[in-house]
Amino acid sequence: MTLMSDPSCSAWLLSVAGDVRVAIGELEMLHIILGRQRFYTIPRSPVYCRNVFLWQGQVIPVFDLDIFLHDVRELPEPGDDPERYICVINYCDPASRVHHGALLLRDLPVRISVSDEQMCDLPDNAGKLREISSSCFNEPSTGPVPVLNLSRVFGPCEELP
Amino acid sequence: MTAMTGGNDTGKTVSPARGYMQLVIGTANLLFPLKQIISLESVLDIKQDRTRPGQIGQIRVGDVRWPVYNLGEDLQFLDDMPPARKVCVCMGKETEGYGIVCDQVNNLKDGEVKLVALPLCMKTGLSPIEALAIRDKQVMCVTDFEALGKLFDHLQEIC
């Protein structure tokens, strides 16, 4: 998502955890899935990216930003986990190869228009969002919104064993 | 089938293994190269022995006794063996090996599974999962005797 080169561009505002909102580029969103999918849990994977599911014949890793940002160490019991939306995204790795992944959302994404004038610094309390964001803009309704760098989100895991 | 590598994946090449043994452990499905499987034994043949951390018993393979482990769905050691565990899969190389108890096993041919890369974001330091496999719209985890053995060594150190 290159906000700086266009006077304004479209983006998706994602509700990922409580009152946490992030953004991705318009073309990074592929599909929204409502309802539960069959998840396969991969042993010894990070607690925030523990599951995959099959979509159009591909294995899609599911990244739970709520767990990642709040440093949760154990998964909730299946019955305690509220039903969420699955957002299938695509992104390019540093070698420009296209990959797919999925983010869990609390609510349906909202399409917004973002201009250069809205660009701002990440807030001081950005915490772990700083590791996975490439920029930030000020959205009138929500305040600062980090823009996710999806190749970092789905990049090498730094979690200790 | 060509060897599988991936894009935003671990970068490790996993070659087809000329067949796999699928071990069902609860909801986890692990695939091991068939050539590493030595024998299948009944859990009734396991002799109780908990001298080694994580070990639930020993099983005789030829003239030697190998340790047997009971794993949970996150590949952690479990002390109590659920009633569903029926089979002890003995795997190894030459004189070194171990047994894993599981609910059931299936013999899979190369052509029955499609190997895909483990996403980079899912690979932790001691993960023994080397790739994923798709079979009949189901996702399974590919590992092997040595990779799982390294995890066991680590778990035994911290026990």
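Chain A is the first sequence line, chain B the second, and so forth, proteins listed ahead of strands; every chain is numbered from 1. Computation of the quantities below employed the complete heavy-atom set of this structure, encompassing side-chain atoms and omitting hydrogens, waters and symmetry-equivalent molecules. Just so we're clear, the structure is a prediction, and the values are computed from it rather than from any experiment.
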Counting neighbours of [atom1] on [X] that are heavy atoms of other residues, nucleotides or ligands and sit closer than 6.0 Å, is the number greater than 12?
X       : atom1 : value
E96(B)  : CD    : no
D153(B) : CG    : yes
K93(B)  : NZ    : no

Worksheet item: Non-hydrogen atoms of chain A under 4.5 Å away: do they reach the side chain of I134(B), the backbone, both or neither?
Response: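 It is the side chain, since no backbone atom gets that close.
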
Practice prompt. Side chain from CB out, backbone as N, CA, C, O: work out which of these in I25(B) comes under 4.5 Å of a heavy atom of chain A, or both, or neither.
Written response: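 Nothing of I25(B), per the 4.5 Å heavy-atom cut-off to chain A.
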
Would you indicate whether the side-chain heavy atoms of [Y] and [X] approach each other to under 4.5 Å?
X       : Y      : answer
D74(B)  : R50(A) : yes
V139(B) : L54(A) : yes
Q138(B) : Y40(A) : yes
C141(B) : I42(A) : yes

Discussion item. So which atom in P43(A) and which in I129(B) form the shortest heavy-atom distance, rounded to 0.1 Å?
Written reply: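 Distance-wise, the nearest heavy atoms are O-CG1, 3.7 Å.
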
Worksheet item: Where is the tightest heavy-atom contact between T124(B) and C157(A), given as atom of each residue plus distance?
Response: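 Answer, listing the atom of T124(B) first, then C157(A): CG2-SG, 3.9 Å.
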
Discussion item. Do V61(B) and L40(B) land in one hydrophobic cluster if side-chain heavy atoms of ILVMFWY residues count as linked below 4.5 Å?
Written reply: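 Unlinked, V61(B) and L40(B) end up in two clusters.
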
Worksheet item: Are I132(A) and M29(A) grouped together when hydrophobic residues (ILVMFWY) are joined by side-chain heavy atoms under 4.5 angstrom apart?
Response: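 Result: yes, single cluster for both.
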
Discussion item. Nearest 0.5 Å, please: how far is CG in L126(B) from CZ in R44(A)?
Written reply: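 Here the rounded value is 8.0 Å.
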
Discussion item. Who clusters with V24(B)? Use side-chain heavy atoms, under 4.5 angstrom, across I, L, V, M, F, W and Y, and order the result by chain and number.
Written reply: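 Members besides V24(B): none; it forms no cluster.
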
Item to complete: Return the set of residues passing side-chain contact (heavy atoms from CB on, under 4.5 Å) with C92(A) (not counting sequence neighbours), or none when no residue passes.
Response: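 Applying side-chain contact (heavy atoms from CB on, under 4.5 Å) to C92(A) gives V98(A).
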
Worksheet item: Looking at L75(B), L30(B), T143(B), which makes the most heavy-atom pairs under 4.5 Å with chain A?
Response: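 Highest number of pairs under 4.5 Å: L75(B).
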
